[in-house]
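Note sheet for the following structure.
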Amino acid sequence: MSVISITDVLAGKYPVGESISVHGWIRTRRDSKAGISFLAVHDGSCFDAIQAIVPNDLNNYESEVQKLTTGCSVKVTGILVESPGKGQAFEIQATAVEVLGFVEDPDTYPMAAKRHSLEFLREQGHLRARTNIGGATTRVRNTLAQALHRFFHEKGYYWISTPLITGSDCEGAGEMFRVSTLDMENLPRTEKGDIDFAEDFFGKETFLTVSGQLNVETYACALSKVYTFGPTFRAENSNTSRHLAEFWMVEPELAFAHLCDAADLAEEMLKYVFKALLEERPDDMAFFQQRVDKTVLDRLNNVISADFVRMDYTDAIEILQNCGKKFENPVSWGVDLNSEHERYLAEEHVGGPVVLQNYPKDIKSFYMRLNDDGKTVAAMDILAPGIGEIIGGSEREERIEVLDKRLAEMNLDPADYAWYRDLRRYGTVPHSGFGLGFERLVAYATGIGNIRDTIPFPRAPKTAAF
RNA sequence: UCCCCUGUAGCUCAGUUGGUUAGAGCGGUGGACUGUUAAUCCAUGUGUCGUCUGUUCAAAUCAGACCAGGGGAGCCA
């Protein structure tokens with residue numbers, strides 16, 4: 001026996017006139033003196049609840065049905081009928097209501113049938129999935145994740161499970177969380193007095209990964225088209241609405257490809273997943289459009305239909321210098337762009353996503369491929385109106401002598417990158433890739449302003465509840 | 001980590017130029033009405049006023065520190 005989902009009932013997948021059972025939680029109960037009660041039963045399978053009509057001649061009507069409040073769990077059995085009321089196509093004429101669990105004290109049940117602030121809901125991490133916005137976000141997040149996997153699968157990419165625990169402390173993308181089983185009260189010491197990590201679980205220092213990129217490059221240099229999709233960890237003390245200490249990242253890596261190929265892939269990918277989202281979750285997206293951000297649908301449709309603008313860093317600097325707008329941080333060639341600059345380019349100058357590319361080498365990572373001009377690297381950021389950088393990527397430096405020169409310039413020890421250098425020593429190929437912050441994608445797609453509301457259990461500085 | 005703002009009932013907030021008894025809406029509860037739709041109408045309870053320290057005859061109100069949340073910045077995805 002399988003459990004019936006309310007989404008299937010509301011979609012008309014069950015015959016009218018026959019008896020079915022649904023399970024779920026009460027959203028609201030309304031009593032009518034005509035001798036019936038209306039129950040809105042919600043199981044999270046879709047945005048809408050199903051309405052059950054409960055006659056007062058059920059033997060537990062007074063003892064239980066009339067005591068149902070928001071949040072109580074029930075199994076409702078009854079005849080599926082076309083609804084004479086407005087607001088729903090089908091409803092259930094209940095023949096039995098089994099209460100699975102009451103709400104202890106309706107007065108203090110946090111998820112009362114009323115509007116709550118997102119800040120309050122965040123403190124109720126174990127219950128917020130029961131709200132409209134919590135459920136809708138969760139379903140959208142799932143749809144986007146599934147669409148990403150499907151996109152890469154259809155294009156022949158292989159999903160690579162890169163490690164979460166890394167023995168390399170030089171991934172270069174940020175502060176790392178240490179992984180250790182040493183007794184912090186009684187640390188083993190070397191003769192010099194340093195902590196003796198040879199005694200630690202892995203026999204060396206280990207950390208949580210900040211990016212799967214370096215690892216996935218090794219598989220790109222064997223299977224050609226690959227990607228990782230998994231959690232990454234950054235111990236940065238970032239207190240903003242667009243950073244998390246634990247976030248999910250999609251990182252495709254493509255062999256025999258240049259920067260323009262990575263940019264094309266990113267554009268195609270975003271269009272694909274937004275199209276899938278609009279097709280598969282019209283109910284949730286209508287909610288976001290109405291209650292969260294009145295511009296989401298236009299924005300997503302715009303991304304789907306418009307070509308992404310490609311712009312060189314050097315041209316962007318010129319645009320910023322000549323736009324007549326006063327910036328707090330002055331612009332000149334060689335400086336890293338600030339939020340205000342990125343926002344101007346994406347929101348005002350272009351009015352949509354923009355691919356910014358070919359940055360000065362001195363403000364970018366060692367592994368990015370040096371351009372022929374000798375001063376820029378083949379790096380790109382995709383900036384989205386509203387949230388800023390959503391994708392960062394590059395063509396990787398595949399020439400061993402150039403890579404070694406870059407490592408030396410940045411005072412990095414080639415020995416730390418031995419296996420990474422091997423990829424360039426044994427049958428090197430041009431290859432490119434990028435990283436997409438998955439929670440930023442969810443935020444962009446829903447209009448939710450704080451990234452902490454796009455992941456079920458957010459991890460941020462001083463925040464690890466639940 | 002830096003700057004600005006906020007922290008009062010289950011929730012969203014008002015208020016307090018320091019002085020006996022702290023306010024509203026929503027939610028909850030009780031009732032009326034109703035094939036209802038977060039319905040409507042009537043009635044009704046609720047508070048270590050973020051924590052600690054200080055100033056004072058007196059602090060929820062003033063000051064300091066700390067904690068938490070929001071907005072902006074930096075780091076980035």
Side-chain angles (χ1 to χ4, degrees), chain A residues 26-40 42 48-55 66-67 69-71 81 83-88 91 93 103-124 127 131-132 172-175 210-213 231-251 266 291 328-329 336-340 342-343 363-365 381-384 387-393 434-444 449-455 460-463 465:
Chain A
I26 300 294
R27 273 291 172 79
T28 58
R29 187 195 90 233
R30 291 178 295 276
D31 299 325
S32 166
K33 276 298 177 290
I36 52 177
S37 287
F38 299 92
L39 300 179
H42 193 263
D48 289 318
I50 193 164
Q51 177 161 276
I53 286 64
V54 186
Q66 289 208 297
K67 289 178 181 152
T69 56
T70 304
V81 298
S83 176
K86 289 176 185 168
Q88 61 278 322
E91 63 187 28
Q93 291 284 351
V103 165
E104 260 184 23
D105 180 4
D107 192 28
T108 56
Y109 178 58
M111 299 295 109
K114 56 160 289 182
R115 291 194 81 154
H116 289 100
S117 66
L118 289 170
E119 294 77 28
F120 171 71
L121 291 178
R122 216 173 291 147
E123 292 169 5
Q124 308 291 331
L127 298 173
T131 62
N132 280 335
E175 290 295 312
V210 295
S211 164
Q213 183 203 314
T232 45
F233 308 87
R234 298 201 184 163
E236 304 282 353
N237 191 9
S238 296
N239 294 289
T240 79
S241 54
R242 51 204 172 314
H243 290 87
L244 291 167
E246 176 181 294
F247 66 100
W248 288 64
M249 189 151 63
V250 186
E251 295 175 281
R291 289 298 177 86
E328 281 189 31
N329 303 285
D336 210 351
L337 296 181
N338 292 105
S339 288
E340 55 173 341
E342 295 183 344
R343 216 178 306 124
I363 58 173
K364 288 293 179 182
S365 296
D381 284 348
I382 298 185
L383 311 178
I387 27 175
E389 185 178 346
I390 193 170
I391 283 177
F434 62 83
L436 165 74
F438 184 57
E439 283 73 22
R440 289 185 181 178
L441 182 74
V442 176
Y444 186 72
N450 193 317
I451 200 168
R452 296 179 190 197
D453 300 319
T454 65
I455 186 169
K462 302 287 191 308
T463 304

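First the proteins, then the strands, lettered A, B, ... as listed; each starts at 1. This structure is a prediction, so every number in the text was calculated from the model and none was measured.
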Pair A:Ile26-A:Thr69, side chain to side chain contact (heavy atoms under 4.5 Å, CB included): steps then yes or no: CA-CA 7 Å; A:Ile26 300 294; A:Thr69 56; over 6 Å; no

Intermediate values then yes/no, side-chain hydrogen bond (donor to acceptor under 3.5 Å, both in side chains), A:Arg234 and A:Thr232: CA-CA 7 Å; A:Arg234 298 201 184 163; A:Thr232 45; 5.4 Å; no

Pair A:Ile50-A:Gln88, side chain to side chain contact (heavy atoms under 4.5 Å, CB included): steps then yes or no: CA-CA 8 Å; A:Ile50 193 164; A:Gln88 61 278 322; over 6 Å; no

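With sequence neighbours left out, the side chain to side chain contact (heavy atoms under 4.5 Å, CB included) criterion links A:Gln66 to A:Asp31, A:Tyr61, A:Glu62. Qualifying side chain to side chain contact (heavy atoms under 4.5 Å, CB included) partners for A:Asn239, counting only residues two or more places apart in sequence or in other chains: A:Asn237, A:Arg452, A:Pro461.
A gap of 28 Å separates the P atoms of B:U53 and B:A14, to the nearest Å. Nucleotides B:A60 and B:G15 are separated by 11 Å at their C1' atoms, to the nearest Å. Separating the P atom of B:C11 from that of B:G69 is a span of 16 Å, rounded to the nearest Å. For the P atoms, the distance from B:A63 to B:G27 is 37 Å, rounded to whole Å. B:C33 and B:C49 are spaced 39 Å apart, taking the C1' atom of each and rounding to whole Å. Only the C1' atoms considered, B:C67 is 27 Å distant from B:A58, to the nearest whole Å. Taking atom P in both B:G23 and B:U44, the straight-line distance is 15 Å, to the nearest Å. Atom name P, nucleotides B:C3 and B:A59: the rounded distance is 31 Å, in whole Å.
Side-chain atoms of A:Thr70 come within 3.5 Å of backbone N or O of A:Arg27 as a donor-acceptor pair.
Counting only heavy atoms from C-beta outward, the side chains of A:Gln213 and A:Ser365 never approach each other to under 4.5 Å.
Across all strands shown, A:Leu441 has no heavy atoms under 4.0 Å from either base or sugar-phosphate atoms. At a threshold of 4.0 angstrom between heavy atoms, the contacts of A:Thr69 are confined to the sugar-phosphate backbone, with no base atom among them. As judged by a 4.0 angstrom heavy-atom cut-off over every strand, A:Ser238 is placed among the base-contacting residues.
Atom C1' of nucleotide B:G10 and atom CG of A:Leu121 are separated by 13 Å, given to the nearest angstrom. Atom CG in A:Asn329 sits about 10 Å away from atom P in B:A73, given to the nearest Å. Atom-to-atom, CZ of A:Arg234 to C1' of B:G74 comes out at 15 Å; the value is rounded to the nearest Å. Atom CD in A:Gln66 sits about 12 Å away from atom P in B:U29, given to the nearest Å. Atom pair A:His243:NE2 and B:G74:P shows a separation of 10 Å (rounding to whole Å applied). A:Ile382 places its CD1 atom 15 Å from the C1' atom of B:C76, with the value rounded to the nearest Å. Put simply, CD1 on A:Ile363 is 15 Å from C1' on B:G74, counting in whole angstrom units. Protein atom CD of A:Glu389 is 12 Å distant from nucleotide atom P of B:G74, rounded to whole Å.
Summarising the geometry, atom CG belonging to A:Leu39 is positioned 8.0 Å from atom OG1 belonging to A:Thr28; distances are rounded to the nearest 0.5 Å. The line from CH2 of A:Trp248 to CD1 of A:Ile455 is 8.0 Å long, rounded to the nearest 0.5 Å.
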With 3.5 Å as the limit, what N/O pairs link the protein to nucleotides 46-50 of chain B?
none

Below 3.5 Å between N/O atoms, which protein atoms pair up with nucleotides 67-72 of chain B? Just atom names and distances, please.
{"unit_1": "B:G70", "atom_1": "OP1", "unit_2": "A:Arg122", "atom_2": "NH1", "d": "2.1"}
{"unit_1": "B:G70", "atom_1": "OP1", "unit_2": "A:Asn450", "atom_2": "ND2", "d": "3.3"}

Per-nucleotide protein contact string for nucleotides 30-44 of chain B (B base, S sugar-phosphate only, - none; heavy atom under 4.0 Å): ---BBBBBBS-----

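If A:Tyr109 and A:Glu439 are placed on RNA chain B by their nearest nucleotide, the residue sitting closer to the 5' end is A:Tyr109.
Here the closest non-hydrogen pair linking A:Glu251 and A:Gly212 is OE1-N, 2.9 Å. Here the shortest heavy-atom pairing between A:Pro55 and A:Ile36 reads CA-CG2, 4.0 Å. Of all the heavy atoms in A:Pro110 and A:His116, the pair that sits closest is O-NE2, 3.1 Å. The minimum heavy-atom distance linking A:Glu175 with A:Val210 is given by the pair O-CG1, 3.9 Å. Between A:Asn329 and A:Glu340, the shortest heavy-atom contact is N-OE2, 2.8 Å. In plain terms, the two heavy atoms of A:Val442 and A:Thr454 that are nearest each other are CG1-CB, 3.7 Å.
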Nucleotide-level pairing of RNA chain B, given in dot-bracket where Watson-Crick and G-U pairs need both distances under 3.5 Å and | marks other strands: (((((((..((((.....[...)))).(((((.......))))).....(((((..]....))))))))))))....

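Evaluation of A:Phe247 against the base of B:A77 yields a stacking contact (centre distance < 5.5 Å, interplanar angle < 30°).
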